[in-house]
Amino acid sequence: MNAQPVMANKAAGDVPPVHPLWLRLTHWLNALAVVLMVMSGWRIYNASPLFDFRFPDEITLGGWLAGAILWHFAAMWLLVVNGLLYLSINTATGRLGRRFFPLSPRGFAADLKAAFHGRLSHADPRRYNTVQRAAYLFVILDLVLLVLSGLVLWKSVQFPLLRELMGGYETARYVHFFTMAALVGFVVIHVAMALLVPRSLLHMIRGR
Amino acid sequence: MNDRHKRMWQMDIGPEQPDRRRFLRGSLALGALPLLGGCSISDEPIVEKALLQVSRFNDRVQAWLFDPEQLAPTYPESMITRPFPFNAYYSLDKVPQVDGERFRLQVGGRVADQRPWSLAELRTLPQTDQVTRLICVEGWSAIGKWGGVRFSDFLERIGADLEAQYVGFRCADGYYTSIDMPTALHPQTLLTLTFDGQVLPARYGFPLKLRMPTKLGYKNPKHVEALFVTNTYPGGYWEDRGYNWFGGS
Ligand code: HEM
């Protein structure tokens, strides 16, 4: 696959898509899984809140605790199988290394500054700027931690090593909550950014 | 903490809730998503059926994940949660009062010796106790100390068919549930007569509670009156209303 920026004057038919089909598919399936997991998860949270608030029922999924759990433990398969597919194709093709690295702190600072001044370049849709790289890598790691802490909550007896790494069952609840919060924070900013640069959204849908 | 548990329990799994039609209600919110357009899937039987099928699949995955040798963590007595939360599908004043003198545990199904057991007889069997964490399906957990007869010993003594698939339970409060045989034979599965060193108090399940630290709270029946060994899926009170059957942890 071609890692170099493609000349703009090439005919559209010859150039590979900005985002290959498998990436677009896994991205949108992941988005669906995340929405189902988060909304049903809020309902489960409401059954025994960790903090002094509950999520409004209208933005939750499942209707009552059993329904929410059914959704949560069904959507988890989509999230995990799809996520593993994304990660394996991404590493096997070397795309992960090309797309997300190098990742220098200096580049991050410069790009962040540019972003705040509205001058972040999106001239080449085949290259993520450093802020994007960091944000996507962050959310990938966050999702891994979210799934692992969820595994401890689901089967704390059967995964003793994971349970102890998470600091026990009760601590895993907090890990699960805060990784969810970080994920939701990412999605809010991510969707806002996608809407600010509508061309990137078209790329993620049509590939070009 | 206790208060909150009680409140949540009344709201979310209170007795007026478990009407099957309603358990996917609130997916209304999903109808607002452009993905699914205006179609309300709240009462969509296909969705409900698919979700329940995944839940059956998850039963099999949990049976596969279940390691009969893997012990749940135990804790020092100093970590016992006091007061230990009360939880049932009714409030504290509805807890059944069972007469311990006249009580007999009924034993049936694929069991060679179907003689009923008095509490005094059960107390003559070898006793053991353990401090473990009870994890509720709602998310909270609490540490308690239960003592009684190792359930695998009891099943052997009554000549139960240990190759059978299920052990079912019927309780004095109308509750019922069932478990898989591998969990029934797990070394930490106890037919308990005591809680925190005292005769099991009514609120925690007098006269008998089956305690399994490898399963969620609703799988641990209290006020057990009868148990039976069977190959026919017996279901359960919450399980028949949409909660996962295996309920392992
Ligand atoms: C709900 C959870 C979501 C997560 C976890 C997520 C995560 C990600 C990740 C990790 C990437 C980089 C993929 C790669 O190149 O390997 C990405 C790209 C992208 N996402 Fe999302 N996403 C989510 C939802 C959405 C939504 C709802 C939208 C649209 C409104 C969206 C629009 C995009 C676009 C346009 C890109 C490509 C950006 C570019 O080409 O510059 N995402 N997303």
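Just so you know, these numbers come straight off a predicted model, no measurement behind them. Throughout, protein chains are lettered first and strands after them, A, B, ... in sequence-line order, and every chain is numbered starting at 1. For the numbers below, each heavy atom of this structure counts, side chains included, while hydrogens, waters and symmetry mates do not.
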Search all heavy atoms of [X] against all heavy atoms of [Y] and return the closest pair with its distance.
X       : Y       : result
L52(B)  : L70(A)  : CD2-CD1, 3.8 Å
Y169(A) : G139(B) : OH-O, 2.9 Å
Q158(A) : S249(B) : NE2-O, 3.6 Å
W140(B) : R173(A) : CA-NH1, 3.6 Å

**Asked** Which residue out of I135(B), T214(B), N244(B) racks up the most heavy-atom pairs below 4.5 Å with chain A?
**Response**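 Highest number of pairs under 4.5 Å: I135(B).
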**Message:** With a 4.5 angstrom heavy-atom cut-off, is it the side chain or the backbone of F57(B) that approaches chain A, or both, or neither?
**Reply:**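 Side chain of F57(B) only, per the 4.5 Å heavy-atom cut-off to chain A.
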Neighbour count above 12 (heavy atom, 6.0 Å) for [X] [atom1]:
X       : atom1 : value
F53(A)  : CZ    : yes
R203(B) : CZ    : no
R133(A) : CZ    : yes

When you compare the side chain of [Y] with that of [X], does any pair of heavy atoms fall below 4.5 Å?
X       : Y       : value
F66(B)  : V157(A) : no
V54(B)  : F73(A)  : no
M76(A)  : N58(B)  : yes
W238(B) : L65(A)  : no

**Message:** Under 4.5 Å from any heavy atom of chain B, what part of Y45(A) do you find: side chain, backbone, both or neither?
**Reply:** neither
**Request:** Determine the option with the most heavy-atom pairs under 4.5 angstrom with chain B, choosing from R163(A), K155(A), E170(A).
**Result:**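 Result: the option with the highest number of such pairs is K155(A).
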**Asked** Between Y243(B) and W64(A), what is the ring plane arrangement, given parallel below 30°, perpendicular above 60°, and tilted in between?
**Response** perpendicular
**Prompt:** Just how far is it from atom CG of L216(B) to atom CH2 of W154(A), taken to the nearest 0.5 Å?
**Reply:** 11.0 Å
